[in-house]
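Have a look at the structure below before the remarks.
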Amino acid sequence: MIKKIEAIIKPFKLDEVKEALQEIGLQGITVTEVKGFGRQKGHTELYRGAEYVVDFLPKVKIELVCGEELVERAVEIIMNTARTGRIGDGKIFVMPVENAIRIRTGESGTEAL
C-alpha cells in the first residue's frame, strides 16, 4: 500500500525535517511555499503607522509518497522535528495513493518510488 504524507510546517523547520527524513531513507520530497491560517488566525502588524491584520501566514508544505511500512516513522519524525510547542506548528495529513508511475521507465507501484 502506498501512502502520501502532506505536512504544513513553519518555514525555518524545513531543513531540519528534510535531513531527518533523509536519514531514514526517504529521498523524494516536494516542497511548496504556501500561506494559510488555522487557529493562529494571523497577527497584527504596523506599517507606516497603520495597523493591519496579516491573516495568511507563510508556511511550507512538504509532500512525500512512501510505502506503508515507513509512514508511521516519517510522521513521527516530522512531528518531533517540526514541533516548537507554540501555536502554528502545523498539521500532518496521511492519505492513500491509488498508484504511482515513474515516467522515465513506466515502473509502477512501490517500484516507482
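Quick caveat, the model's predicted, so the values are computed rather than measured.
Hydrophobic clustering, with ILVMFWY side chains joined whenever heavy atoms are under 4.5 angstrom apart, groups Val31 together with Leu26. Val75 and Ile2 fall into different hydrophobic clusters, where Ile, Leu, Val, Met, Phe, Trp and Tyr residues are linked whenever their side-chain heavy atoms come under 4.5 Å apart, directly or through other members. In the hydrophobic cluster analysis, where Ile, Leu, Val, Met, Phe, Trp and Tyr join through side-chain heavy atoms closer than 4.5 angstrom, Val65 is grouped apart from Val94.
Sparse packing is recorded around CE of Met1, with 12 or fewer heavy atoms of other residues, nucleotides or ligands lying under 6.0 Å away.
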Could you pull out all donor-acceptor pairs under 3.5 Å where a side-chain atom in residues 99-113 meets a protein atom, sequence neighbours excluded?
unit_1, atom_1, unit_2, atom_2, d
Asn99, OD1, Gly109, N, 3.1
Arg102, NE, Glu107, OE1, 2.9
Arg102, NH2, Glu111, O, 3.3
Arg102, NH2, Ala112, O, 3.1
Thr105, OG1, Glu107, N, 3.2
Thr105, OG1, Glu107, OE1, 2.7

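Using modelled atom types, no side-chain atom of Lys13 and backbone atom of Ile78 make a donor-acceptor pair closer than 3.5 Å. The backbone N or O of Arg83 lies less than 3.5 Å from no partner atom in the side chain of Asp89, so there is not a single donor-acceptor pair. Remark: side-chain polar atoms of Thr32 are not paired, donor with acceptor, to backbone N or O of Val34 under 3.5 angstrom.
The two residues Val97 and Lys3 come nearest to each other via the heavy atoms CG2-C, 3.8 Å. Residues Ala74 and Ile5 approach most closely at CB-CD1, 3.7 Å, considering heavy atoms. Between Pro11 and Val60, the closest heavy-atom pair is CA-CG2, 3.5 Å. Across Ala20 and Thr81, no two heavy atoms sit closer than the pair CB-OG1, 3.9 Å.
How far CD of Glu6 is from OG1 of Thr30: 10.0 Å, rounded to the nearest 0.5 Å. Here the CD-CG distance, from Glu19 to Leu14, works out to 9.5 Å after rounding to the nearest 0.5 Å. One finds the SG atom of Cys66 at 7.5 Å from the CD1 atom of Ile24 (value rounded to the nearest 0.5 Å). Lys59 contributes atom NZ, which lies 9.5 Å from atom NZ of Lys91 (distance to the nearest 0.5 angstrom). Note that the CD1 atom of Ile8 and the NZ atom of Lys35 stand 14.5 Å from one another [nearest 0.5 Å].
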Derivation and outcome, side chain to side chain contact (heavy atoms under 4.5 Å, CB included), residues Gln27 and Gln22: CA-CA 5 Å; Gln27 297 165 346; Gln22 285 175 331; 5.5 Å; no
